2 protein chains.
Amino acid sequence: MTNSPAPNQTCPIRDVLDRIGDAWSLLVMFELANGPCHFNALRRVIGTISQRMLAVTLRHLERDGLVAREVLPLSPPRVKYTLTPLGASLIERLIPLRDWALDHQPSVHAARLDYDARAA
Amino acid sequence: MTNSPAPNQTCPIRDVLDRIGDAWSLLVMFELANGPCHFNALRRVIGTISQRMLAVTLRHLERDGLVAREVLPLSPPRVKYTLTPLGASLIERLIPLRDWALDHQPSVHAARLDYDARAA
């Protein structure tokens, strides 16, 4: 792909953290940072996510070792998701970034308006 | 778009930090964290980036208020790029994330192999 760095230049953040480029994954991980959660509860809390997209997102997070999936032997069976220690250590680094984004949202928006006004 | 959260659910990280989803932007910002840099020097250091892609990346970063552009009155004119205080404060939060990615790259790769082996 011409738009991405060549492999030897690949940023480790992008190599490892595909999930950061994905808003659903971030929402799910921040939600699980509050504690383990069942599939249906996650879907209710996130609201606008489809059942399929939530399943795909959780599968990606599980594949990366960030989230653990446990099938509870209930009737009907329920599936519980938990941040792994690896996922918890990542969330620790993502929280300051989220807080930065919340704190500096007005500055970034103001910079964009200013730039566009100068460019017009 | 069906793949992204609805506006009221938008993650502030994604709203403000489009740049984080872009490997070139990360490489450029990490490079500028070492100090101001001329366009041509940035291009040399990053190596595989095209002139056009570097220009586009820098324009996005400038628009978001993360990078400042200064035309030096030389002959021929040269353009110097510097992280703004806003950009520097963002890099402070990105460095722990990059370090996490470097440190945990083997764990994430191992988790992926393990998951794929179980799924096969």
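These numbers come from the heavy atoms of this one structure, side chains and all, not from hydrogens, waters or symmetry mates. Since the model is a prediction, treat every value here as computed from it, not as a measurement. So that the names make sense, note that chain A is the first sequence line, chain B the second, and so on, each numbered from 1.
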Which residues end up grouped with A:L72 if you chain together Ile, Leu, Val, Met, Phe, Trp and Tyr wherever their side-chain heavy atoms are less than 4.5 Å apart?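 Listed partners: A:L74.
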Applying a criterion of heavy atom separation less than 4.5 Å, what residues of residues 113-120 of chain A form contacts with chain B?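 Those residues of residues 113-120 of chain A which have a heavy atom under 4.5 Å from chain B are A:Y115, A:D116, A:R118.
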Do B:V56 and B:W24 sit in one hydrophobic cluster, given that two such residues count as connected whenever their side-chain heavy atoms are within less than 4.5 Å of each other, even indirectly?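 No, B:V56 and B:W24 fall in different hydrophobic clusters.
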Side chain, backbone, both or neither of A:E92 within contact of chain B (heavy atoms, under 4.5 Å):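 No part of it gets close to chain B.
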Point-to-point distance, once rounded to the nearest 0.5 Å, from OG of B:S107 to CG of A:D64: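 If I round to the nearest 0.5 Å, the distance is 11.5 Å.
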For a quick test of reading the model, state the closest non-hydrogen atom pair linking A:H104 to B:S89 and the distance between them.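 So the minimum-distance heavy-atom pair works out to NE2-OG, 4.2 Å.
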Contact between B:W100 and A:L86 at the side-chain level, heavy atoms closer than 4.5 Å - yes or no?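 Side chain of B:W100 against side chain of A:L86, heavy atoms only: contact under 4.5 Å found.
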